[in-house]
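Below is one structure, written out as structure tokens; comments come after it.
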Amino acid sequence: MADQLYSLNDIVQMKKSHPCGENRWKIIRLGADIRIKCEGCGHSVLIPRRRFESKMKKVLEKHEEQED
């Protein structure tokens, strides 16, 4: 299995924009299904991982974890 290009709290761009006009999505849940949240209107969508990987265009911002 290849390394993931994305992780939790990353901002990704999808191939099609959301009906609100925004094309930036935040990954808020990872698992067999992936939940993404529109950065424009806040609507969240649950998509099967395989479909998400085919619809994702690129990672716009990587989330950096803070160490205490």
Side-chain angles (χ1 to χ4, degrees):
M1 185 172 165
D3 290 332
Q4 287 185 352
L5 303 173
Y6 51 87
S7 59
L8 195 61
N9 295 319
D10 284 355
I11 305 294
V12 296
Q13 180 180 7
M14 303 302 279
K15 290 181 181 175
K16 291 186 177 180
S17 61
H18 192 248
C20 74
E22 186 63 57
N23 202 13
R24 294 168 51 91
W25 296 82
K26 183 175 186 177
I27 299 174
I28 57 175
R29 179 185 182 271
L30 288 174
D33 296 322
I34 295 178
R35 184 172 296 277
I36 55 177
K37 181 177 169 184
C38 177
E39 291 287 285
C41 66
H43 181 78
S44 68
V45 181
L46 187 65
I47 321 173
R49 181 180 290 266
R50 181 170 275 181
R51 184 161 179 238
F52 171 80
E53 289 174 350
S54 69
K55 300 286 184 184
M56 185 182 78
K57 190 171 184 179
K58 63 183 175 181
V59 176
L60 299 174
E61 297 175 24
K62 292 293 284 177
H63 176 72
E64 297 177 16
E65 294 184 22
Q66 297 178 8
E67 293 183 24
D68 291 333

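In this chain, residues are counted from 1 in sequence order. Computed from a prediction, not measured in an experiment: that's the story for all the values here. Computed from heavy atoms alone, side chains included, the values below leave out hydrogens, waters and symmetry copies.
A chain of hydrophobic side-chain contacts below 4.5 Å, direct or via other Ile, Leu, Val, Met, Phe, Trp or Tyr residues, connects I47 to L8. No continuous path of ILVMFWY side-chain contacts below 4.5 Å connects L30 to I28, so the two sit in separate hydrophobic clusters. Y6 and L46 fall into different hydrophobic clusters, defined by Ile, Leu, Val, Met, Phe, Trp and Tyr side-chain heavy atoms under 4.5 Å apart, directly or through other members.
The stretch residues 8-19 participates, sequence neighbours left out, in these side-chain hydrogen bond (donor to acceptor under 3.5 Å, both in side chains) pairs: S7-D10, D10-K62. For residues 30-44, the side-chain hydrogen bond (donor to acceptor under 3.5 Å, both in side chains) pairs, not counting sequence neighbours, are R35-S44.
Annotation: the span from K55 atom NZ to I34 atom CD1 amounts to 14.0 Å, rounded to 0.5 Å. The line from CE of M14 to OG of S54 is 8.0 Å long, rounded to the nearest 0.5 Å. To the nearest 0.5 Å, the span separating CZ on F52 from CH2 on W25 amounts to 10.5 Å.
Take E61 and apply the side chain to side chain contact (heavy atoms under 4.5 Å, CB included) test, not counting sequence neighbours, and it matches I11, R24.
Under a cut-off of 6.0 angstrom, the local environment of CZ in R29 is crowded, with over 12 non-hydrogen atoms contributed by other residues, nucleotides or ligands.
Between C38 and C20, the shortest heavy-atom distance links the atoms SG-SG, 3.6 Å.
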